[in-house]
Structures are given as C-alpha cells and as structure tokens.
Amino acid sequence: MNEKPIMDILGVPVTPFSMQEAVAWLMDRVQRNIPTQVVTANAEIIMMGQQDPAYLKLLQQADLVLPDGAGTVWAGRKLGYSVPERVAGYELFLEILKYAGRHGEKIFLFGAAPGIAESAAAKAREIAPGVRIVGTRNGYFKEEESASIVETINATGANILFAALGAPKQEYWLRDYGSRLQPALRIGLGGSFDVLAGKVERAPQWMQRASLEWLYRLLKQPSRIGRMMALPKFVIAVNKASHASRK
Ligand code: UDP
C-alpha cells in the first residue's frame, strides 16, 4: 500500500496524503501500470459504508481512500491523526489533468449526462494544454452495456479512467469491472464533470475555507437534504468512536 499511517475512520481506511503526495503516489502507480482504484471519501460516503456492509468492504479493499470533504478531515483530526489537508475529488481531477498535460498520459472520461463529458474534455484542454483526452462516454447505460463500455475504454489505450457516476455507483462499477479494465488508474469523481463543464458551480472559496461547501450544495440542490441527514449522524458516530478510543 503506502508508507503513510492509514487512519481508521469508522472502519474506512483513509490515507492522510496532501494533494501533492496523493498525485505523486498515484502517478508512480500509473508509471508502473499497477491497477489502482481510488475513492475520495466524504462524510456521506463513509456513512454509506456504515449502512451497507458490501460498500464498507469495497472501501476497505480500495487501493487508496483520500480525505475528501471538511467532515472527513475533521473526523481524522478528532480521532487523533494528523491530516494535512482535504483532497477533494474535483481538485484531484484538475491536478491530474495538469500532470497528464505535461507527461502525456491518456485519459478517458466516463460519466454524467450526454454531452457533459465532452464539454468537460474541452475545458480540460483549456486548463491543461496538451492533455490527451482519448475518449468519453456518458454515464447513463443499462447494466448489459457495461462489457462494451469496458471494451470502448480499453480500445482507446487510456491509462487513467475518471468515472463520474455518483457514489456508490461509480465505486461498484470500477470494482466490478476492475479486472477487465486496462487503465491503471481508476478514480470515482461524483459530479466533477458537471463542475468542469460549467453545469454546476462549486461553492465560493470563502465557503470552502469555512468548511461550508455542504451548505452551498444544499442551497443549490435542496433535494440533497435526505442524503445530507448522514452528516449529523457522522458527527455523532465519530464523537462516539473518539471517546471509545480514549478509554
Ligand atoms: N450520474 C451518471 N449516471 C448515473 C447517475 C448519475 O453518470 O446513473 C452522474 C450525474 O449525471 C452526475 C454525477 O453522476 O454528473 C453525480 O453527481 P453528484 O454530485 O450527485 O455526485 P456525488 O455527490 O454522488 O458524488
């Protein structure tokens, strides 16, 4: 795995890499062509693992789980670990695109509504000159189409696959087809293609700094309230775990 002490956040093994460390570790895996499934875990994802043992197992078997979201960073620190910073899926996406622009990695964008991955690819070429986006595929498909999607991805020769199907769908898909996929690096990215394509806005910087991105997303998409009820439950569960670890 990796050299960093891995945190145990409610049974989920999260590595407290900084963004720079995460990119360096992942690009080394790409150079060595080692299959690597990455989850950027926010509080909602960690709570999904508490409710679904199969998803918890998947998170435990992923090659790297990164601390996405203010909630995960807070939890790690509360549990006594040193966490340098949040490594959000969207920022990781941008960093890898820029790296790929400099080093010639081949990227496939899989996910989001029809047309979005293509718009995201066009934006990617603006922010990461020289980046090779070798293929795109929208994220709406029937299960029986999965095998041909895998073939489409493999035929492009991509070595980095970004899957933006939302959690937990993207994690299950990447795991289930993991042994057939050729891109070494596979990362689930939630709504990141929508953000890069300009369809969904990211919270303003001050809100991100004040750990209020969740509030911004809730105000923009009130239908997320059901999912967000996981957040107070997460705080309670982490507090309980931190008391238990002190006993
Ligand atoms: N999506 C998809 N296929 C599906 C369901 C969703 O490609 O079957 C896409 C959706 O269009 C959106 C992303 O997955 O771009 C989910 O975004 P969200 O912000 O909800 O991600 P999450 O918070 O779940 O990581």
Side-chain angles (χ1 to χ4, degrees), residues 12 14 37-52 55 58-59 62 64-73 86-94 97 107-124 133 135-150 152-153 161-177 181 186-203 207-208 211-231 233-234:
V12 178
V14 184
Q37 181 173 358
V38 183
V39 180
T40 66
N42 58 18
E44 281 178 42
I45 286 186
I46 295 175
M47 286 314 279
M48 276 183 216
Q50 311 305 299
Q51 264 123 41
D52 177 355
Y55 192 57
L58 182 157
L59 294 171
L64 183 66
V65 182
L66 289 166
D68 189 353
T72 306
V73 172
R86 165 183 182 196
V87 182
Y90 183 66
E91 265 94 41
L92 181 67
F93 179 37
L94 299 185
L97 287 173
I107 292 181
F108 195 101
L109 303 182
F110 171 37
I116 298 288
E118 291 74 18
S119 310
K123 274 272 161 32
I133 311 281
T136 55
R137 169 66 167 85
N138 74 68
Y140 292 84
F141 57 94
K142 295 199 194 79
E143 192 42 49
E144 56 266 31
E145 292 176 85
S146 286
S148 81
I149 295 175
V150 170
T152 305
I153 293 169
L161 169 62
F162 290 111
L165 309 172
K169 188 173 179 173
Q170 61 206 11
E171 282 79 31
Y172 279 119
W173 197 90
L174 290 174
R175 185 206 54 191
D176 293 347
Y177 296 94
L181 282 167
R186 306 95 189 249
I187 308 185
L189 279 185
S192 294
F193 296 174
D194 294 321
V195 178
L196 186 58
K199 197 181 152 225
V200 170
E201 276 173 55
R202 198 81 201 280
M207 280 187 105
Q208 291 189 41
S211 301
L212 287 175
E213 187 154 24
W214 62 272
L215 178 60
Y216 181 86
R217 294 184 92 179
L218 182 59
L219 294 172
K220 286 275 172 172
Q221 289 171 272
S223 60
R224 296 181 83 97
I225 186 72
R227 299 175 49 174
M228 288 203 167
M229 291 315 288
L231 299 180
K233 289 187 194 149
F234 177 73

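What you are looking at is a predicted structure, and each value in this text was computed from that prediction instead of being measured. As the structure lists them, so they are numbered: ligands from 1, and atoms in each ligand from 1.
- Using cut-offs of 30° and 60° for the angle between ring planes, the Phe93 and Phe162 rings count as perpendicular.
- Counted within 6.0 Å of CD on Gln221, heavy atoms from surrounding residues, nucleotides or ligands total more than 12; the atom is thus considered enclosed.
- Listed by first and then second residue, the salt bridge (Lys or Arg N to Asp or Glu O under 4.0 Å) pairs involving residues 108-119 amount to none (not counting sequence neighbours).
- At a 4.0 Å heavy-atom cut-off, the residues surrounding ligand 1 are Gly111, Ala112, Ala113, Gly139, Tyr140, Ala164, Leu165, Gly166, Ala167, Lys169, Gly190, Gly191, Asp194, Arg217, Arg224, Arg227, listed by chain and number.
- Judged as a ring pair (Phe, Tyr, Trp, His ring centres under 6.0 Å), and not counting sequence neighbours, Tyr90 has no contacts.
- The minimum heavy-atom distance linking Phe193 with Ala117 is given by the pair CD1-CB, 4.2 Å.
- Under the ring pair (Phe, Tyr, Trp, His ring centres under 6.0 Å) criterion, Phe110 pairs with Phe141, Trp173, not counting sequence neighbours.
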